[in-house]
**Student:** 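Quick one: structure below, then a few questions.
Just so you know, these numbers use all the heavy atoms, side chains as well, and skip hydrogens, waters and symmetry mates. Treat the numbers as computed from the prediction; the structure is a model and nothing was measured.
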Amino acid sequence: MSTTAADSDGVALRSGAGRWLLTVAVLGSGMTFLDSTVVNVALPSIGRDLHAGTGTLQWILSGYLLALASLILLGGSLGDRYGRRRLFVLGTALFTAASLLCALAPSSGLLVGARIVQGVGGALLTPGSLAMIESGMRSEDRARAIGAWSGLTGVSTAVGPLLGGYLVSATSWRAIFLINVPLGAVVIAMAGRHVRETRDPSASGPLDLPGAALAAAGLAAVTYALIEAPTRGASLAVVLSGAVGAVALGAFLEVERRSPNPMMPLSLFRSRQFSAANGVTFVVYGALGGVFFLLVAFLQISMGYSPLAAGAASLPVTVLMLLLSASSGTLAQRIGARVPLTVGPLVIAAGLLWMTQITPGDSYLTSVLPPVVVFGLGLSLVVAPVTATVLAGADPRHAGIASGVNNAVSRVAGLLAVAVLPLIAGLGGHKFYLPSAMTHGFHIAMATSAGLSAAGGVLAWLTIAPDALRAGAGPEERAPAPSPPEFSCAVAGTPLCPDVEPDGPQPAGAPTSTVRTGY
């Protein structure tokens, strides 16, 4: 178990230093949450302005996700070793500078490159924000601080579509990146002045740089093959890229198996529940990635919505998440996770199938809102229990690593969804901007995502233990219910979620594991 001096002399949440620490962590991580939602709303405007085809739009999303997914585990380890505040500030500076480059990008190629740099910054910033709280707060305030962090950063996720839609409608898509520049500068100044440095004195051994390089190369090559296949076909570049990606990912698993200090310990997957919950995460979040990529684009291109209206259309999902996630976590602890993780994906699938009936000219209140609400209800049943089950399947000492792996799994699922769904839906080239093609492709994509989500429900029924998370279950099957990335149920100590410690109940003053690899 990794410990820090902060376990004995951390700051109180209600003190000035504690409030500053929480504020810095929330503002920093809030930038990445905000960015993840505003970009989706702006994609049609970006594409028209930069004359970008579907493949380029996919890279604008995938470049960021690729860097974030492949490096976020390494980012947590770097913070433990070289200083969490230092890596947080470095990540914030990199993210801010890349945001400015995104705003000024004169071409789609430069925008994709800047988005990749943004992802690298996010991979350093994101785990650092929570790790600073975990290592800097006194133990008795840690749960409440993490809960407040999760709830407050969730606000940025909620306002993202509305803010993004407003900025695109009122000014330009470039404004969605410019807003990060002053915010990033403020976060860096506040962190330098008000947050003290912490690190893990027990962190030793070589960093898993080979694993990080192979993960990034493998994901990049596979993503390239999937995105370029619609336009290039079975060309040598596409086939070779796919083969290289598969080999690199296989080598990554071998390196992780042999490494004395792997960024993704494969021993975690010996737990049946850990593997099962991550499998459900991968399948269901693959479906979700496709929905959030295409829904706002469909509403703008086919339905004629403004960017602001398209952003507001999905707001009921976030409202339902904020209202119901705590109850979902409590329900899973009362009856076990198997039922919510089976029913939730099936309800999501029902909502997505309903979306296939939306056609241009339909009313929002009668045709769009009902399936969006059903989708949100299903999502509220899934997000807290699935992450809690992941943590339940890992040793409590490895809670940080386990949640980081689950974070990476969800990001990779979204990355592959963005790469694959347009191929299945026939939205290659500039068909993305044709209302008739977008309508047909959206219906195919939602039907595909519905099948994927339903498969996740079946997988949960077959693999999740009936008593996982149920009160009184064995140690491997008990865990708190924090939310996974991108969705904003608070973790603990707030009105939104159960009052539990993030790593499980612990006596006051007891050391806790640091968050080494993500959330």
**Student:** How long is the span from the CD1 atom in I444 to the CG atom in L294, to the nearest 0.5 Å?
**Tutor:**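 So the gap between those two atoms works out to 11.5 Å.
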**Student:** What's the verdict on side-chain contact (heavy atoms from CB on, under 4.5 Å) for W59 and T223, showing C-alpha distance, side-chain angles and the deciding distance?
**Tutor:** CA-CA 9 Å; W59 275 115; T223 302; 3.8 Å; yes
**Student:** Strictly distance-based, threshold 3.5 Å: is any side-chain N or O of R115 a donor or acceptor partner for the main-chain N or O of C102?
**Tutor:**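 No.
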**Student:** I need the single residue from L71, L66, L68 that forms a side chain to side chain contact (heavy atoms under 4.5 Å, CB included) with V120. Which is it?
**Tutor:**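 Exactly one option meets the side chain to side chain contact (heavy atoms under 4.5 Å, CB included) with V120, and it is L71.
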**Student:** Any side-chain to backbone donor/acceptor pair from H443 onto A425? Under 3.5 Å, distance only.
**Tutor:**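 Not at all, since once roles are kept as given, no pair shorter than 3.5 Å links the two residues.
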**Student:** Once you round to the nearest 0.5 Å, how far does CG of L57 lie from OG of S62?
**Tutor:**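 Answer for the CG-OG pair, L57 versus S62, is 10.5 Å.
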**Student:** Under the side-chain contact (heavy atoms from CB on, under 4.5 Å) rule, what do L167 and V38 come out as? Steps first, then yes or no, please.
**Tutor:** CA-CA 9 Å; L167 291 174; V38 297; over 6 Å; no
**Student:** Tell me, do Y285 and L288 make a side-chain contact under 4.5 Å, heavy atoms counted?
**Tutor:**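 Yes, side chains in contact.
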**Student:** Can you find a heavy atom in the side chain of L61 that is under 4.5 Å from one in the side chain of L43?
**Tutor:**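 In contact.
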**Student:** Do I116 and Y64 touch side chain to side chain, with heavy atoms closer than 4.5 Å?
**Tutor:**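 Side-chain contact under 4.5 Å: no.
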**Student:** Do D208 and E256 have side chains that approach each other closer than 4.5 Å (heavy atoms only, starting at C-beta)?
**Tutor:**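 Heavy-atom side-chain distance check passes, below 4.5 Å.
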**Student:** Are the side chain of S271 and the backbone N or O of L268 linked by a donor-acceptor pair below 3.5 Å?
**Tutor:**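 Such a contact is absent between S271 side chain and L268 backbone.
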**Student:** Is it true that S367 and Q357 share a donor-acceptor pair across their side chains at a distance under 3.5 Å?
**Tutor:**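 There is no such pair (donor and acceptor under 3.5 Å, judged by atom type) between the side chains of Q357 and S367.
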**Student:** Work out which heavy atom in V117 is nearest to a heavy atom in A98; give both atom names and the distance.
**Tutor:**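 Minimum heavy-atom contact is CG1-CB, 3.7 Å.
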**Student:** Of all heavy-atom pairs between D362 and T359, which one has the smallest distance, and what is that distance?
**Tutor:**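 Answer, listing the atom of D362 first, then T359: OD2-N, 2.9 Å.
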**Student:** Do Y364 and L299 touch side chain to side chain, with heavy atoms closer than 4.5 Å?
**Tutor:**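 No, too far: nothing below the 4.5 Å cut-off.
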**Student:** At what distance, to the nearest 0.5 angstrom, does CD1 of I60 lie from CG of N40?
**Tutor:**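 Rounded to the nearest 0.5 Å, the CD1-CG separation comes out at 11.0 Å.
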**Student:** Is V39 close to W173 at the side-chain level, that is, under 4.5 Å between some pair of heavy atoms?
**Tutor:**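 Not in contact.
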**Student:** According to the interplanar angle, ranging from 0 to 90°, do the rings of F298 and F442 count as parallel (below 30°), tilted (30 to 60°) or perpendicular (above 60°)?
**Tutor:**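 The rings of F298 and F442 lie parallel, inter-plane angle below 30°.
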**Student:** What are the two closest heavy atoms between P385 and P340, and how far apart are they?
**Tutor:**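 For P385 and P340, the tightest heavy-atom pair comes out as CG-CB, 4.2 Å.
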**Student:** Show your working on side-chain contact (heavy atoms from CB on, under 4.5 Å) between T56 and H51 and close with a plain yes or no.
**Tutor:** CA-CA 9 Å; T56 303; H51 308 289; over 6 Å; no
**Student:** Measure the shortest side-chain to side-chain distance between M303 and T439 over non-hydrogen atoms and say whether it is less than 4.5 angstrom.
**Tutor:**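 A side-chain contact under 4.5 Å is absent here.
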**Student:** Testing the basics here: between S380 and L324, what is the closest heavy-atom pair and its distance to 0.1 Å?
**Tutor:**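 Closest approach of S380 to L324: CB-CB, 3.8 Å.
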**Student:** Check L341, T281, V280 against V382 for a side chain to side chain contact (heavy atoms under 4.5 Å, CB included) and give me the one that passes.
**Tutor:**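 Of all the options given, the one that passes is L341.
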**Student:** Under a 3.5 Å distance rule, please check whether Q273 uses its side chain to pair with a backbone N or O of A465 as donor and acceptor.
**Tutor:**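 Checking the backbone N and O of A465 against the side chain of Q273, a donor-acceptor pair under 3.5 Å is found.
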**Student:** Counting only heavy atoms not in Y305 (residues, nucleotides, ligands), do more than 12 fall under 6.0 Å from its OH?
**Tutor:**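 Yes - once you tally the heavy atoms of other residues, nucleotides and ligands closer than 6.0 Å, there are more than 12.
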**Student:** Out of curiosity, F292 CZ to S314 OG, how far, rounded to the nearest 0.5 Å?
**Tutor:**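 With rounding to 0.5 Å, CZ (F292) is 7.0 Å from OG (S314).
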**Student:** Between S45 and V168, which heavy-atom pair has the shortest distance, and what is it?
**Tutor:**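 Here S45 and V168 meet closest at OG-CG1, 3.2 Å.
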**Student:** Nearest 0.5 Å please: distance from the CG atom of L124 over to the CD1 atom of I72.
**Tutor:**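 Rounded to the nearest 0.5 Å, the CG-CD1 separation comes out at 10.0 Å.
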**Student:** Could you walk me through whether L452 and L352 pass the side-chain contact (heavy atoms from CB on, under 4.5 Å) check?
**Tutor:** CA-CA 10 Å; L452 200 59; L352 297 183; over 6 Å; no
**Student:** Using modelled atom types and a 3.5 Å cut-off, is there a donor and acceptor pairing between side-chain atoms of S29 and backbone atoms of T126?
**Tutor:**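 No.
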**Student:** Would you please test S99 and Q118 for side-chain hydrogen bond (donor to acceptor under 3.5 Å, both in side chains) and show each step?
**Tutor:** CA-CA 7 Å; S99 296; Q118 257 194 328; 2.9 Å; yes
**Student:** For A69 and V412, which heavy atoms make the closest approach, and how far apart are they?
**Tutor:**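 Looks like CB-CG2, 3.8 Å.
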**Student:** CE of M31 to CG of N180: how many Å apart, nearest 0.5 Å?
**Tutor:**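 If we round to the nearest 0.5 Å, M31:CE and N180:CG are 5.5 Å apart.
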**Student:** Is there a donor-acceptor pair closer than 3.5 Å between any side-chain N or O of E254 and the backbone N or O of G250?
**Tutor:**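 Side chain of E254 to backbone of G250: no pair is present.
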**Student:** I want to check something: taking the side chain as every heavy atom from C-beta on, are Q58 and F432 in contact at a cut-off of under 4.5 Å?
**Tutor:**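 Heavy-atom side-chain distance check fails, nothing below 4.5 Å.
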**Student:** Is a side-chain N or O of S453 found less than 3.5 angstrom from the main chain of V284, in a donor-acceptor match?
**Tutor:**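 The answer is no, because no donor-acceptor pair under 3.5 Å joins these two groups.
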